[in-house]
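Working notes, structure below.
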Amino acid sequence: MPSKKRVHNENASFSFVTVSRAAPRRRLKAVFHDQENLLAEQVRLVEEQRQTQAAAAQTAKVAQEEAVRAAEQSQCTEVNERLNSLVRAVRSAQFTLPEFLLQLIQTNDRHLSSEITCFLDYHGPQFLDLLYSRRPQLMQQYTLNAVRSMGERESILEDCERIAPTICTLLRSICMSAAPSERRDQELVLATAICMLVQARSERSNISQSILCIYLLACGASRSLFEVLHHAGLSSSYSKAVRDLRGLSKARLEKIQALVRERPFMIVWDNLNIPFRVGEQRQDSKDHFDNGTTATLIPLYGVSYGQLSLSMKTPRMARLPLLQFEPGDLLPSPTQVQQLEDVMLWHIEDILLAQFPKLRERFQDRIAAFPHVKQIPVHKTEQHPLPAMHIDESSLDGTMEVLDTIVNTLSLDSDSLKNHGVVICAGDQLSVSLLDKVHDEKLTDNYSQWTEGQLGLFHVKIAGARMVANEYWGTANSLSPWSLWKVNSLLARKPLSAGWKAKALPPFRPIWDLIIQIMLPAHILDAYRRVQQDRDSAAGGKPRDILYENVRLFNRDSLILHAFGQAVKHGEIGVVMTILAHWMVMFRGTGRMPKYADALFECLLKLKHMHPDLREAFLLNWLVNLTSHPDGFKEVDLLQEHHNFWAKIIYNAKGSGRSWDWLGMITVAIFALRDVLRKVKENYKTPHNDHLERERLHTFTAARPGNEFAAPARDLITHGAMYANTARAFKTFRADTRQTVNKGVPKDVDSNDPAAANISITTKT
DNA sequence: ATTTATCCCCAAGCTTGAGC
DNA sequence: GCTCAAGCTTGGGGATAAAT
């Protein structure tokens, strides 16, 4: 026991030693002899004393409590006595007790009523607390009902009917015609009119006007429109609208700042380009791009606060992102190959059944379930957009500035960051690789300690679609009976530029629609018509049917693309990973997409070696679901792109006059374009086109006409698998084997010359 | 030419204190 | 303890300078 030890020490040191007259030796010895006994005795005495004191304190305390209890008792009996006498008085006044209480509260006697009002003002909460502690369930039920009835009181018209029945009847008789209109909700007009009248009476009752002015602001109404509607009484003034919006965003930001202190979160950012174009360029007004960055904060699903501690990240020791990898990591594993095959087979069947719903109905119980690997449970993701930053994130400095600004916006310091743990940062390939490069900036804060890059799956999907489109695009205007170009022009769709040689990247939407919506279902339906008997036609010295090979490869690759899109939609993150493992090889095979191939390789290997908790969080939050529908998942970076889309509309509406005019024109065009696109989709959704059948594309044909015009497509998996055989493969992820050797100063050189100090680098083999 | 920020004024509502 | 009015606060509107 520490206390005993302290006693021991104190007593042991309690001896005086005088230098001038030393104690007699024998006496000293005796003391020494007895010292242990003496100490034990002293310890015993001190302990005894302490016990007596404690006992005395205990008795005193008990006595005091006793007294208090007695006092309480007597007070209680006294109070009870008084209460009883009161109740007797009440009864003698011909009241029952409940009657008395209710009447007391409802009394209209001036003085009594005032007292009751005062009582409720000062002791109301206490009174309610007492009621609650007496009958919790009753009070809960009551509160719930009260809140519910408050919520129901939303209809303005109902309130009006109650408060001002005469005016309501009057207005109704004016605006309601005998025959109710089909196209117009007259109640709505009535409610609006009442709101306007009420606001004219008191400018403080302006809820409907406030809502309308926010709406106008979001639509990008001009200031003059605001003026007109405001003076008409339909909306509030422009300055109020701006004030409200500012208040709204301030409140949102405060909410986010509170949120990041109690919930784990991830951040996604993307750059936002707003073109400002002028009709006639002048020295002081030219076309220019405004580069900015928008970010969104997403609370993590399935992770508790502080669970992703910073220690889960292994410290980065080298400039290059070094990875430990084995031969098995270079290709998809056999399980993954099997998974992909299952998924592809399931999708082939699903596409057939989607075209013939009656078939699905008929064989309802015999349709196999989707081969699940690892699915994100259905949940609803919250999203909190952060203020747009006028920073160009596509540079190292910009990325650091973005991170700093976000941390400032969230008012996080190093302590709260430490409490929160690892922050997952999502973005496109460029953002993630920049984030990775920021890691070796030693001078500033070490961002790598608390960030984890997450490759955006939407951009991977775009890359995958481009790969398929470019590989099977063929040559424009060639006579080959099948190529993506051929199909595109047969369907009279908008001419595109694709293929590996094309200068511009193919637009994503049109090629996705072409491949997934139109060609894949058509091919599968056509292939179902035939039983494939031919095997690899290229084997041996047989003549090659290049078109047949192309179509088969295309079917495989587009099916993978389709499976990826579906897996994303349903939150099937296991299948997504499987496909990524395949695409990693296929991107290599193209020879033109090294960045995405590297990014996927790095991403998958990082995931393999990641701390299990962090990996789970990473995977569960790789996709978001804003609707909580089972098929409502989407990629995190797509969400950000959608934000940018809206930001552009709203921001541009408030830009300077020129851009406003310009954007006004564009937005009109966007809707027109979208309508056209929809129409095209509707018309071509189930293309009944016998081109595939006529050309017998899904059959091996030895001497096919037009074969000589077809450009053979590569089997991207085969090509990609060969990449690892090259000398410089994966060089980004391997440590630099060169070592520095100090060879000293050569003898024939002046040793005072610092430039002569020769350190040479040799390669160790 | 238009938006945005700021200042000033006004009206409604709330608080406080005097008078009854 | 109630009523009423003065004073204070808040929110809204309008004008105008600054910015774009």
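Proteins come first, then strands; the chains are lettered A, B, ... in the order of their sequence lines, and each starts at number 1.
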Checklist entry - Under 30°, 30 to 60°, or over 60°: which ring-plane class applies to A:Phe633 and A:His379, parallel, tilted or perpendicular? => result perpendicular

Item to check | Test applied, side-chain contact (heavy atoms from CB on, under 4.5 Å); reference residue, A:Val624; option that passes from A:Val268, A:Leu638, A:Ile298 | outcome: A:Ile298

Anything under 3.5 Å between a protein N or O and an N or O of nucleotides 9-12 of chain B, put it in a table, one pair a line.
none

Checklist entry - Can you tell me if the side-chain N/O atoms of A:His230 get under 4.0 Å from OP1 or OP2 in C:dG14? => result yes

Checklist entry - For the rings on A:Tyr596 and A:His459, is their centre-to-centre separation under 6.0 Å? => result no

Item to check | By salt bridge (charged side-chain N to carboxylate O under 4.0 Å, His left out) - contacts of A:Glu262 (at least two apart) | outcome: none

Checklist entry - Within 45° of the axis and under 6.0 Å from the centre of the six-membered ring of A:Trp512, does NZ or CZ of A:Lys461 qualify? => result yes

Checklist entry - With no hydrogens and no angle check, is any side-chain donor or acceptor of A:Asp404 less than 3.5 Å from a backbone partner on A:Asn408? => result no

Checklist entry - Would you say the side chains of A:Ser416 and A:Asp413 form a donor-acceptor pair under 3.5 Å? => result yes

Identify the pairs formed between an N or O of the protein and an N or O of nucleotides 15-19 of chain C at a distance under 3.5 Å, and give each distance.
none

Next on the checklist: Give me the atom names and distance for the closest heavy-atom approach of A:Thr627 to A:Gly632.
Outcome noted: OG1-CA, 3.7 Å

